[in-house]
Structures are given as structure tokens and as C-alpha cells.
Number of protein chains: 2
Amino acid sequence: MTDIEKTLENKGVRPTAMRILIYKYLAEKEVAIALTDMENAFSKADRTTLYRTLKTFEEKRIVHQIDDGTNISKYALCEPGCNCEMEQDLHLHFHCDNCDETVCLTEHKIPHINLPDGYVAENANLVIKGICDKCSGQ
Amino acid sequence: MTDIEKTLENKGVRPTAMRILIYKYLAEKEVAIALTDMENAFSKADRTTLYRTLKTFEEKRIVHQIDDGTNISKYALCEPGCNCEMEQDLHLHFHCDNCDETVCLTEHKIPHINLPDGYVAENANLVIKGICDKCSGQ
DNA sequence: TGTTTCATGCAACGGAAGTGCAATTATTGC
DNA sequence: GCAATAATTGCACTTCCGTTGCATGAAACA
Ligand SMILES: [Mn+2]
Ligand SMILES: [Mn+2]
Ligand SMILES: [Zn+2]
Ligand SMILES: [Zn+2]
């Protein structure tokens, strides 16, 4: 039993061949992945299977969904021990307008915001757009 | 010539009847408006006209587009004299999970974020989700 | 082994954004 | 005013992404 299989089982997901492949794919990419990216990478697998795998992973807190403002849902593996929905774990995301890639900046947490009276914050999403380190040539 | 007509002309938009109605509608709503909302409010007008009017308004900086994470684009009138794309004018948006409405918190600017080396920020989007003042009963 | 539960594949649907083109309306030059 | 021109509006259609229903296949269980 490999590390990935153990991880999946720990999260309550049966480690099928497909799921292991998808996990590996997510692990080796350092950027957020869209369903379409998956489709291209796994031309043999069905779109629905990829879709449902991502949803299962999300539910079991293996990945978190990222809304980077492109209107295309992206996904990235959660950090070990992260509580995606807890305020202290909400990190920001960076979307590069040049290469169109989105990355997690897991070290950069979303600052706490004081809201007007009556507003109760439960979640937050902060996306910075611009040019990424690869594209800025630095 | 009414105030609205003047405003539109100043922004370089011909004040047609339709556009004046749409502007009025946006002005009297205190929440961000989706294209579908428009369709319901103006059942006589064609969807495309509403769509293109919003795009024109956006281009001419009469409204700004809001991505609140629902994957439905919303629009709200810009504050007088605002430079939507300038960093100092980027305010945050609040989406209520209860009533599903999104509001501009124009007084709450997005805090400046220090990025890792090589990343160049050009724009930012911060959406807080939770319960709005009306729904929290306060 | 037989039964049940879960995963996968195929097909179709739905909502929202966007586009080409024709028709209508407003503006301009004479 | 009237023809020529430009801008706006309406209709039809497309595309893209996300999502669901249902049948089939594989794995776990008893
Ligand atoms: Mn992330
Ligand atoms: Mn706003
Ligand atoms: Zn880049
Ligand atoms: Zn509310």
C-alpha cells in the first residue's frame, strides 16, 4: 500500500486506480487544475468520472475548489492538516493574466476584515490578478 | 435633459430610452444585479440588449462587474469619481448565503497584500460570504 | 458464490455568456 | 426635409462548463 493509497483511505475514499492517478496528477502539478485540464491529461477517462472524483475529493477535504474569477472552477490539493473552511486556513490565490495559471499562496492568509454592523462573515475569497513569477521573468 | 441623461453623455454613452431605464433600475437597487434579474425586470426588452447595455456601461466605467463566487456576473453602479481598476478604489463585496444578494462595501477597501518575489499585482477581488445585515436580524 | 454497495461510462440537460446578422432607430450632411 | 450613414436593438443560434439519470462494471461483503 503506497502513501497515496493510505492518504485516500485516511480521508475515507476508496483508492481506486483512477483516483490514485488523479491524485498523483494533482500532486505533481504546482498549479490549480480545471476539469478541462484533467480531460486533456486523461483522454481515456470519462469527463464525468473526473468530475465526480474531484467532487468526492472536495467533499472529503482532499482538494479545495478555487474560484479565480475566470468562471472556471479549479482544484488544488489541500495542505496536510488544513481546515479549508476555517478562517485561519483561508489563503489567497494568484491568477496570472499572462499564462492563465492559478496558484495557491498558502503562506499568505486572508487578512481579517472588519465588517459593518449586522454582517456576519463565514467565508472569504481573495484573488490577486497580475503577472506571476515565471512570466515576470524574475 | 435629466441628470441621468447628462451622466450617460458625460461617460460617452448615448442616452437612449432603454439605457436610461436600465440606469434607473441599477440606481434604485442597492444590491448587485445579474443579467437574469434584468430580464425579469424588463420582460419586454431583449436579453441581448440588456447584456450589451451592461457591457457598454462597464466599458465606459458606469458600472463595475462583480464576481461574487456564484458564477453569475453581477453589476453595480460605480461611485461618482471612482477609478474601478485603481488599487485604491478596489472595495470588497459581500455575498449573503441566505438571501443570495451581493452588495458593494465601498467604504471597505481591499488591504494591500505583500506578494512573493516576482509576482506583480494588477488587480484584486475580495468577496466575503456570510449573513447580511438584513438576514442577521440586526 | 451470491448479494449488495460503490465506481465508472455514456448520454443528455441546463444555465449563462457570447456572436452574426437583419431590422429598426437615431444622427449627420446636404 | 430627405437621403445617407452610423448606432442600437431584437432574434436566432452557438459554445462552454457544470451537472444529473441511468445502465454497466468492479469491488467488498456475508
Ligand atoms: Mn488554494
Ligand atoms: Mn462593488
Ligand atoms: Zn504566468
Ligand atoms: Zn441576506
Side-chain angles (χ1 to χ4, degrees), chain A residues 1-2 4-5 7-25 32-60 62-76 95 100-102, chain B residues 1-2 4-6 8-25 32-60 62-75 95 100 102:
Chain A
M1 189 131 136
T2 69
I4 294 179
E5 289 177 84
T7 306
L8 294 180
E9 291 222 324
N10 285 342
K11 297 275 190 172
V13 172
R14 285 219 302 235
T16 67
M18 187 87 267
R19 285 169 174 172
I20 293 168
L21 283 175
I22 292 175
Y23 189 98
K24 271 186 195 162
Y25 180 76
I33 300 298
L35 181 55
T36 310
D37 299 328
M38 287 271 190
E39 271 189 277
N40 296 333
F42 297 89
S43 46
K44 272 186 86 175
D46 186 78
R47 171 186 189 73
T48 315
T49 303
L50 300 169
Y51 169 76
R52 284 201 258 241
T53 301
L54 286 172
K55 284 292 163 196
T56 303
F57 280 11
E58 188 189 0
E59 215 171 278
K60 297 300 171 64
I62 296 169
V63 301
H64 58 281
Q65 190 178 10
I66 300 164
D67 169 23
D68 62 5
T70 60
N71 276 348
I72 299 173
S73 288
K74 305 210 172 113
Y75 300 85
H95 175 79
D100 200 41
E101 285 186 341
T102 299
Chain B
M1 189 135 139
T2 70
I4 294 180
E5 289 177 83
K6 275 179 212 150
L8 294 181
E9 291 223 324
N10 284 342
K11 298 275 190 173
V13 172
R14 286 221 299 236
T16 67
M18 187 85 268
R19 284 168 173 172
I20 293 169
L21 283 175
I22 292 174
Y23 189 100
K24 271 187 193 159
Y25 180 75
I33 301 298
L35 180 56
T36 310
D37 300 329
M38 287 270 189
E39 269 188 280
N40 296 334
F42 297 89
S43 46
K44 272 187 88 176
D46 187 78
R47 172 186 191 72
T48 315
T49 303
L50 299 169
Y51 171 75
R52 285 201 257 238
T53 301
L54 286 172
K55 284 292 163 195
T56 303
F57 280 12
E58 187 189 0
E59 215 170 277
K60 296 301 172 62
I62 295 168
V63 302
H64 59 281
Q65 188 178 12
I66 300 164
D67 169 25
D68 62 5
T70 59
N71 276 349
I72 299 174
S73 287
K74 304 206 172 118
Y75 300 86
H95 175 80
D100 200 41
T102 299

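Order of the sequence lines sets the chain letters (A, B, ...), proteins ahead of strands, with each chain counted from 1.
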Expressed as a whole number of angstroms, how long is the span from A:M38:CE to D:dC17:P?
15 Å
Which part of the nucleic acid does A:K55 contact within heavy-atom distance under 4.0 Å: base, sugar-phosphate only, or nothing?
sugar-phosphate
Side-chain contact, heavy-atom cut-off 4.5 Å: A:F57 with A:L8?
yes
Over how many whole Å does the gap from B:N40 atom CG to C:dG15 atom P extend?
12 Å
Across the strands shown, which category fits A:T16 at heavy-atom distances under 4.0 angstrom: base, sugar-phosphate, nothing?
sugar-phosphate
At what distance, to the nearest 0.5 angstrom, does OG1 of A:T2 lie from CD1 of A:I20?
5.5 Å
In whole angstrom, give the distance that lies between atom CZ of A:R14 and atom C1' of D:dC29.
11 Å
Distance check needed: D:dT9 P versus B:I20 CD1, whole Å only.
10 Å
Using the side-chain contact (heavy atoms from CB on, under 4.5 Å) definition, which of the options A:I22, A:T49, A:T53 pairs with A:M38?
A:I22
Are there more than 12 heavy atoms of other residues, nucleotides or ligands under 6.0 Å from atom NZ of A:K24?
no
Rounding to an integer number of Å, can you tell me how far A:L50 CG sits from D:dC17 P?
14 Å
Identify whether any heavy atom of B:R52 sits under 4.0 Å from a base atom; if not, whether one sits that close to sugar-phosphate; answer base, sugar-phosphate or nothing.
base
Rounded to whole angstroms, how far apart are CD on A:E59 and P on C:dC6?
13 Å
When you check the phosphate oxygens OP1 and OP2 of C:dA17, does a side-chain N or O of B:S73 lie under 4.0 Å from one of them?
yes
Using a cut-off of less than 4.0 Å, is there contact between a side-chain N or O of B:T48 and OP1 or OP2 of D:dG10?
no
B:R47 has a side chain; which of C:dA17, D:dT9, D:dA28 sits nearest to it?
C:dA17
Whole-Å gap separating P (D:dG10) and CD (B:E39)
12 Å
To the nearest angstrom, the OH-P distance between A:Y51 and C:dC13 comes to 18 Å
Lys/Arg N to Asp/Glu carboxylate O, A:E58 vs A:K55, below 4.0 Å
yes
Under 4.0 Å: is that the gap between some side-chain N or O of A:R19 and OP1 or OP2 of C:dA7?
yes
